[in-house]
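Within every chain, numbering begins at 1; the chains are lettered A, B, ... in the order of the sequence lines, protein sequences first and strands thereafter.
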Amino acid sequence: MKARVFVTLKNGVLDPQGKAIGHALNSLGFPGVGEVRQGKVIDLEIAERDESKARASVEQMCEKLLANTVIEKYEIEISP
Amino acid sequence: MKARVFVTLKNGVLDPQGKAIGHALNSLGFPGVGEVRQGKVIDLEIAERDESKARASVEQMCEKLLANTVIEKYEIEISP
Amino acid sequence: MTAQSTVTPEIVREHGISEEEYARIRKLLGHAPNLVELGVFSVMWSEHCSYKSTRAHLRRLPTKAPWVLQGPGENAGVIDIGDGDVAVFKMESHNHPSFIEPYQGAATGVGGIMRDVFTMGARPVAMMNALRFGAPEHEKTRHLVAGVVAGIGGYGNCMGVPTVGGEVNFHPSYNGNILVNAMCVGLARADRIFKSAAKGAGNPVVYIGSKTGRDGIHGATMASAEFSEDSGEKRPTVQVGDPFTEKLLLEACLELMATDAIIAIQDMGAAGLTSSSAEMASKGGSGIELDLDRVPQRETGMTAYEMLLSESQERMLAVLKPGREAEAERIFGKWELDFAVIGTTTNTGRMLVRHQGRIVADIPVHALSEEAPVYQRPVIHPLARSDDTSFDPARPLFDSLLKLIGSPDLCSRRWIWEQYDWSVMADTVQWPGGDAAVVRVHGANKALAITTDVTPRYCKADPFEGAKQAVAEAWRNLSAVGARPLAITDNLNFGNPEKPEIMGEISACIDGIAEASRVLEFPVVSGNCSLYNETSGEAILPTPAIGGVGLLENIHRMATIAFRREGDAIILIGETKGHLGQSLYLREIERSESGAAPAVNLESERRNGDFVRTLIETGQVDTAHDISDGGLLVALAEMAMAGGIGAFIPNLDRDPIPFLFGEDQGRYLISVPGSRSEQLMKDALNAGLRPGFVGTTRGDRIEVQGVGSITLAALRRAHEGWFPRYMRADELPPTN
Amino acid sequence: MKSAVVVFPASNCDRDAAVALEQVTGQKPAMVWHGESELPDVDVVVLPGGFAHGDYLRCGAMAALSAVMRDIKAKAEKGLTVLGICNGFQVLTEAGMLPGALMRNARLKFVCRPVGIDVQESQSVFSRKYESGQRISFPVANGIGNYFADAETLDRLEGEGRVVFRYADDDNPNGSLRNIAGILNEKRNVLGLMPHPERVCDPLLGGTDGRALFESLFESLS
Ligand SMILES: Nc1ncnc2c1ncn2[C@@H]1O[C@H](COP(=O)(O)OP(=O)(O)O)[C@@H](O)[C@H]1O
Ligand SMILES: [Mg+2]
């Protein structure tokens, strides 16, 4: 199966990159751009066939490695 | 509206980070992890109310700034 | 694509092979090449690998000296620096890739030149970069500067090799062709140098490093896409650098080199597997057999053509002594790198390549190397320009000084070098900002001095004198820190060699380099050529970048540009006629790039440099600065800003503008305690020099009696201001 | 004082740290590969600067999971002295041995330059040879050195005197909250700092302000 993991900064954690992007977009003349946040997307191919088992193991991957839960949160999408 | 932009490396472009993550997951004992690719996800708040107009302008942002189209491709999701 | 697929004239043309060359290939093979063989010839006979336009001229370069252990012909040059230590260095360009994708282009350029150095058995200890960008106001320039600088830092910083210097110019002629020339200097032991000659038959050929992907396969594959298995999204040819893998590759190679398992080793640079295997076989006078099925592959369905031409980064090819494979595999396993025995050396003198059980290429090795075409292209010898250099004598001196030191070509490069880790390895004694970088030989009391120099506007006005000047300035910068100049590497960047005027520039520049390097005993030990730097017929300024390396025998006898004491006498060594031709003063203040390039008198160059160096070696002088771009007053301002001490210049008996802003060559400013100045002037006269008393160090401003003064604070504001202001453009710094 | 320096894949200040330790202690430290499951018997271990695992995913994230870190974590709980410099600091936060996290520099660029540092706390095995309030200079060389922690954590760090080094007010190179350059764990036996004391232990290299840090360790641990 395929897993897509989004790792984004928790609210309240400042995001210099997002800020810079927002700033750049405005000065490039894109009007009405509000807050911008940048995160990571990680696409994995996994052998596991069972969706819930897959989700469980990807969740472990996030807790152990993919996200730093001090500053980051994650979402997981599983697709066949 | 909200826009979510995925910026990922084009197929065939080496992804050192993805490679290293895959390697780390294997040595952490996660079985059956195949290819791993890492990309960026950028969340934007935009004033524009009209979906298609919003999409059009985010597309421009990608071409101009958010993606390096020499090596990266992008997908856009618009939500209210 | 199948090896058998027939080669049509279009395909031949798409591979950049002329009809004559194709006929020659047929003759050498005894039959028409298949597509794989054609691809191999196209890269091996390309300008980049064969030097077909320049080789005949490069022979005129002096490459020998008692201290030169390896001149041009290996991956990098090697010079003796005493005590059994050697310095290994080379400069190489990554111009086109950096224009296409500045971050990755510059990053992979750094990675490539580092491999050239550590493939010789040396640990890289210093990086330099010589950069040329288009006009600041050109819409692409800012983005290119940001990307190139971030890419150089991104790769070099991760490698843990300090980037200690370089040079940067802006000029409209580079608008469509920026130059990114990276130089790497490494240290090794004289008895542990590794070369690329694959001598002997029956030895295992091993592949080391990253897997092979479809990276950087030359444009020809694009054109012949119909031959490829997958016709998916248009295949990118941009290589992405992986400094992490390169760092592991460096450590693993040095670990393997500590054993005696290696017969020959060679990085896979341009034209990857093809050129590395062909070069090794050719230099070893042997043959080589490769089995592509054993090549570690990153992608599925790769064809023989793609594997042979791939320019995937962070790869090496080595020939081991038979039976040592396991030992090597253990080392690369520890560093988690791919390792595979992919072939063996033979005595057939042929390059034989198998894929999926079929022979896909069978080529006599000499056909790829010795038999590669060498052209005597038509040459039109350039006329040196010598038009008038009038200027307005009424312009206020200090306004001009401020403009000059705040101009793109003279302002502080801090914005750039603060993005480079210049202090890692804890041996950087002089970092960016001085005349030459100084890097201590680890654990010793001696150091290497390193510089890169060329003044393209001089080379345009007079290719011969301009190239002489580039070598002389490198020699001067090394002397100014107290180092004995030893050898150079050169990176010849020019336009289209098929144009006789350009070929004329190339030829004259090589003659200029040759003359200066002969007289100064400053031989060329390595280098690289980058031609066809043209956009819509407009060529870049001729840019023969020179990388110079010198030796400081005693690290404690060294000079910097900074004034150290109040009350020092500032003494000018070298003759000042007030040459304004091609000066930055004319360009920045009078807005005219006119006049003759300053001539270099190599005899007085040598006399002046030897005198200054001796003063430093004997501990008489610890402040010295050569006078180059911008002239005397700019040099003096730089010394004052660096030391935080001003200067007082008594009544000038000379016409101020030519005297203070002229760019006469072979000059230095030194400062010594007032009490010692008289004796020093005497010594200089006895040595046949014409020393001049310029003034005295003091205060917080530079004052010219009867003219006025300017504070160091104001000078600093102008000097440090331009780059950050220019780059504060609302543009994201590129990150990987 | 017996010392060790851990070598992760693509550590690159391991040699610099070893040289500084040897200069001060007169003894070569043991160089320990990240894959070792056990640390030799030493008084202090240094996690050096560099780009362990390429800084990929997150600086220090993969290194924090290496075999040797498990042993170091256990021994630190029993009081082993641990010094993390730059990338080593990042490893310590990722390993949960120090609070907070290091984020991309506020200006988004790698920065290498000498920085004014104020010693906040001389009451530690790492800093006793400095005066509290002393102004020194260390070079920084980082792209991800922007220290972040939530307000309570920051208050606690300050309240408990665990902020050992701060960037001089006008000289914060990376946007670190409250100018934090180096912090201690609760037990005060683990220090992480972004600047590089090991690069300023030799007058030739532009300063000797870093020596006192290694001398503090030497004095405390021998
Ligand atoms: N302009 C030059 N001056 C002197 N030597 C040169 C020059 N250009 C190339 N060489 C030498 O020719 C050889 C091949 O150059 P190059 O292909 O750039 O090396 P590599 O394949 O290792 O990158 C090298 O030994 C290099 O030093
Ligand atoms: Mg090479």
A:Val41 vs B:Val7 side-chain heavy atoms within contact, under 4.5 Å: no
Nearest-0.5 Å distance, CZ of residue B:Arg37 to CG of residue A:Leu44: 12.5 Å
Sub-4.5 Å side-chain heavy-atom contact between B:Ile42 and A:Val36: yes
Inter-residue atom distance A:Lys40.NZ - B:Gln17.CD, 0.5 Å rounding: 8.0 Å
Members of residues 45-55 of chain B whose heavy atoms come closer than 4.5 Å to chain A: B:Glu45, B:Ile46, B:Ala47
Side-chain touch A:Val33/B:Met61, heavy atoms, less than 4.5 angstrom: yes
For chain B, the option from A:Gly39, A:Ala3, A:Gly18 that forms the most heavy-atom pairs under 4.5 Å: A:Gly39
Residues of residues 64-80 of chain A near chain B, each having a heavy atom less than 4.5 Å away: A:Lys64, A:Leu65, A:Leu66, A:Glu75
